[in-house]
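Okay, structure first, notes after.
None of these values were measured; they are calculated from a predicted model.
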Amino acid sequence: MTTTLTPQHHKVSKPAPKQAYRNDLDGLRGVAIGLVVLFHVFVGRVSGGVDVFLLLSGYFFMGSQLRYAMRPNPSLNPWWPFWRTARRLLPALAVVLAAVYAGIKWLTPEIMSNDLAKQFTAAVLYYQNYELASQNLDYAAAGAETSPLQHLWSMSVQGQFYVFAITFGVIVAFLASRRGVANEKLRRGIIIVLAVVTVASFAYASRHGLVGTPKNYYEFPSRLWELGFGALLAMLPITNLIPERLRGWAAGLGVTAIALTGVIISTSLAFPGPAALIPLLGAALVVMAGPDQPVARVLSSGPILWLGKVAYSLYLWHWPLLILFTVKSGRPTPTVALGVLVIALSLCLAHLTYTLVEDPLRQHGKRPKANDEPVKNARASLQTFEGRGRAVGGAIIGALLIGLLSVQPIYARQVNNADFELASSKYPGAMAHFGAEVPEEEPQPDPALIADIFPPTVAKNCIIFMDQPADMMPGPECVWGDTKAETTVVIFGGSHSEPWLIPLDQLGREHGFKVIPLVRQACPLILDDLDTVSPECAEWSRLAFDRIIELQPDLTVSTATRPEGRAGEGSPGPDMVPYSYATVWEELQANDIPFLGLRDNPWVFSREGEHMDPNECLIAGNDVESCSTLRHTVYGDTDPAAEFLFPENKQWGLNTADWYCNEETCPPIIGNVYVYRDQNHISNAYAATTAPLIWAKLQEIFTALGVEVDGLNESPELDPERGAFAVGHVERAGAGDVGKPSVEANPDILPELGEQ
C-alpha cells in the first residue's frame, strides 16, 4: 500500500538552493543574437549564435523547471508552465508572423506559395524544423529564393524542448512531493538522465561525421544535446571548478570561441555535430566562470543587457525583413546598404515589440504552488486597468494566431479555385501561335497561385519524388484516359514529361486509349551515363524500363531534349540530346516499342543568363518582354532529336519550339494563358491547350502503326465552343500574325507540323 506524503513529509529533504540570477548570461544572449544577425546579414553563413541560444535555453528553462520541482509543495498541473511559456513566446511570434504575412501580400506577393503557407502553420504550432526538412530546404544564406520563415526552425526546436522539460519537471515534482524522494537523490538521478540523453543525442547528431545532412540540422533528436548540455550546467556543481584567478581568462576564451565559430566553420551542415562543441564549450566556460569576473561585468553592462533583453524579438524580426527587402530590391543577395537598413529597422522593431507586446503580456508573477489559487487571482486582476489591458492584448494575440492558422487552408482554397478548366474560346493558349483568335481577357491562371497547381499525378501520388525509394513505382490506380481501353500509351521520364499527361488524358478519353505515367522527379530515365543522376534515379530507371517492357505499350512518350547539366539542373544554351536518352530509344526499338519524343519546353533565363521565374517577374511589375527568355538562349535552329528519331524505326520526334516561342522570344503568356508553372515547368493550363497539336501527331503515328483508336480519320474543324481546332489540323501563323485567325485549316499540313 502506497502512503501519500504531505508537504510536511517533503520538508525532510533539503530544499533546492535558490540561485542568483545571472545577468551576464542575459548579456551572453545579447552577444549571441548580435553574431547571428551580423553573420546572417553580411557573411551569409551560420555563426554558432543559435547553438548558444539553445544551450542557454536548456540552462535557464530546464534549470528553473527542476529547481521548482524540488521545492516544497510544487503544483503537478502542467497547464501552468505551458501557459507561462506560451505567454512568454506567442505574443511576439504572432505579431511578427502577422507582419510578415502583411509584408508578403504588400511587398513581395510573388514569393507566396503552398510551402510557405504550410510554414506559417508550422511556425505557430512549433514544428517548423520538421516542415523545412520535409520540404528539403537546406539552411541557406539570405537570398531572394530563401524562405522568410526559415529561421523559425530553432524556435520550434526550443518549443519541443520546453514540452520535454515541463514533462520532466512534473515527473520530478511528483517523485519529490508524492513519493518523498530526497532532493539529493533526485539531483543525482536528474544528472544521470540528462547525461545519458545528452551523450546519446550528441552521438546521433555526429553520426554523419563532421558534415551532416539538412535533416540532421533541423531535427529535435540531433539538437537535444545542445539543450541538455545547458541543463546539465544548471544542475552540476560547477561554481568552483575554475580557480578564481583564471575565471576572467576562461570567460574571455569562451566569448572568443563563440565569436570565431562563424569564421572557422563555413557550412551550416557542420551543425549540430562535433563542430558545435566550439561555441557550446565557449558558452560553458562563460557559465562556469561565474558572475564575479571582468568579462561578466562587461556582459552585464547596459547596452549588452539591452541587446539580450530584446534578443528574442530581434531574432524574430531580422530574418524576414532581410528576405523581403532582398526580394523587393530585385537582387539575388542583400547589399551592404540594405543590410545596414535591415539591422537598424530590426533593432527598432525589436525594442517596440519587447516594450509593447513581449514584456506586458508575459507572466511576471511566481509560478503557483499546489495550494495557490491562480484562477481566482487572475479573475481578481481583471478588476485592474493593467489586468484588463492584458486580457485585451491576449484576445488580440489569440485572434492573430487563429488568423495565422487560417493562412494555409485559405491559400489551398485559392489554389483549388484557380485550377479550373479554361474555355478555349477565351484562352486558346498554344493555339494562338497557330491562328486561333485571342480575345481581350485577363490571362489565367492567377500567376500568384500557379506554382502550386500541380499535374494530377501529384494529387494521386503517381509521381515518384526524388527522396522516395528507388523501388517505388506508381500503383495500379495511376491510369488516365480511357482506363478500360486496350490501347496503351506510357509517359516516362522526369517532371518535364509529367505535364503531357494532361492533354494525353483528354485525348485518351476522347479517342479510346489509356495513359500510364512512369515519372520520377529529376529523373529522366536513363540506362547509362549514370553519374548524371542520383543512384536512386539510376536504379529506378532500370526498374521503370523493365515495367515498360512488361506493359508492351502501343506507344511511349517522353521529352527528347534538355539543356546542358545534370538532371534537375539547366544552363543557358541551345538544347541537346544526351546520349543516355538515345540509349533508351535504342533499347525501346530493340523491344519493338514505339516512341514519341517531344522537344523540351524552354527553361526561362534572364538576359544575363540567370534562372528566372517568369510569373514572379510579372508579379513584381515587369512587362512581358522583360519576363520573356530569348529564343536563341534555349533553342538551336533545328530540333537536335531529328538526328536520332526516324519513323522507319517506329520513333517520331515532335518539335515543340514554335508552341512556346515566336521568332525572337519565348513569352510567359500566350493566348491569354500563363505558360509556366515555374522557371522550367509548363503550367497545366498551357499543356491542356496543346491537345489539338498532340492529336495531330498521334493521328500520324497511330495510322502508321495500324493502331485502332477513335477519330483517326476525322477531318479538321474549328470547335466553336472550344475555340480551337478539334482535330488539330492547323496552319502555323506567321510571326506577325500571332493571335489572328489563320487561313482555312489544311488537312495536309498539320500531320507534318514539327515532324523531323
I'd like to know if the side chain of [X] and the backbone of [Y] have a donor-acceptor N/O pair within less than 3.5 Å.
X	Y	value
Ser301	Val298	yes
Ser64	Phe61	yes
Ser300	Asp24	yes
Trp225	Pro272	yes
Tyr162	Ala86	no
Tyr315	His151	yes
Arg390	Leu361	no
Ser201	Pro221	yes
Arg187	Glu184	no
Lys309	Asp26	no

Atom of [X], atom of [Y] and distance for their closest heavy-atom approach:
X	Y	answer
Ile265	Arg45	O-NH1, 3.5 Å
Ser154	Leu54	O-CD2, 4.3 Å
Arg22	Val286	NH2-O, 3.2 Å
Leu152	Ala123	CD1-CB, 3.7 Å
Thr353	Trp317	OG1-NE1, 2.8 Å
Leu194	Met62	CD2-CE, 4.1 Å

Under 4.5 Å between any side-chain heavy atoms of [X] and [Y], yes or no?
X	Y	value
Leu316	Leu93	yes
Gln150	Ile323	no
Leu324	Ile111	yes
Thr326	Thr146	no
Arg367	Arg71	no
Tyr218	Thr213	no
Tyr354	Leu314	no
Thr261	Ser47	no

In Å and rounded to the nearest 0.5 Å, what is the [atom1] to [atom2] distance from [X] to [Y]?
X	Y	atom1	atom2	result
Leu400	Leu405	CG	CG	11.0 Å
Ile104	Met112	CD1	CE	6.0 Å
Leu97	Thr121	CG	OG1	10.0 Å
Thr85	Trp80	OG1	CH2	13.0 Å
Leu89	Arg362	CG	CZ	9.5 Å
His318	Ser313	NE2	OG	13.0 Å

- Please assess Ile191 against Arg188 for the test side chain to side chain contact (heavy atoms under 4.5 Å, CB included), listing each intermediate value before the final yes or no. CA-CA 5 Å; Ile191 290 171; Arg188 287 195 298 270; 5.9 Å; no
- Worked check of side chain to side chain contact (heavy atoms under 4.5 Å, CB included) between Leu224 and Tyr204: CA-CA 10 Å; Leu224 181 56; Tyr204 181 76; over 6 Å; no
Counting only heavy atoms from other residues, nucleotides and ligands, does the tally under 6.0 Å from [atom1] of [X] exceed 12?
X	atom1	value
Lys215	NZ	no
Glu145	CD	no
Trp306	CH2	yes
Asp292	CG	no
Gln468	CD	yes

- Message: Students often mix this up, so state it plainly: with edges at 30° and 60°, are the rings of Phe161 and Phe164 parallel, tilted or perpendicular?
- Response: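 Judged by the thresholds at 30° and 60°, the geometry between Phe161 and Phe164 is tilted.
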- Please report the C-alpha distance between Val310 and Thr355 in whole Å, then the side-chain angles of each, then the deciding distance to 0.1 Å, and finally whether the side chain to side chain contact (heavy atoms under 4.5 Å, CB included) criterion is met. CA-CA 9 Å; Val310 303; Thr355 305; over 6 Å; no
- Task: Let me know which of Gln160, Gln158, Glu219 forms a side-chain hydrogen bond (donor to acceptor under 3.5 Å, both in side chains) with Asn129.
- Result: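 Considering Gln160, Gln158, Glu219, a side-chain hydrogen bond (donor to acceptor under 3.5 Å, both in side chains) with Asn129 is found only for Gln160.
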- Under the criterion side-chain hydrogen bond (donor to acceptor under 3.5 Å, both in side chains), which of Gln128, Gln119, Glu131, Gln135 is the partner of Ser147?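 Only one of Gln128, Gln119, Glu131, Gln135 forms a side-chain hydrogen bond (donor to acceptor under 3.5 Å, both in side chains) with Ser147, namely Gln119.
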- Message: Could you walk me through whether Leu132 and Tyr217 satisfy the side chain to side chain contact (heavy atoms under 4.5 Å, CB included) test, starting with their C-alpha distance in whole Å, then the side-chain angles of each, then the deciding distance to 0.1 Å, before giving a yes or no?
- Response: CA-CA 10 Å; Leu132 293 173; Tyr217 184 91; over 6 Å; no
- Would the Tyr312 and Phe53 ring centres measure less than 6.0 Å apart?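 Tyr312 vs Phe53: aromatic centres not under 6.0 Å.
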- Find out whether the Lys NZ or Arg CZ of Arg223 is both under 6.0 angstrom from the six-membered ring centre of Phe220 and within 45° of the ring's axis.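 Verdict for Phe220: no cation-pi partner in Arg223.
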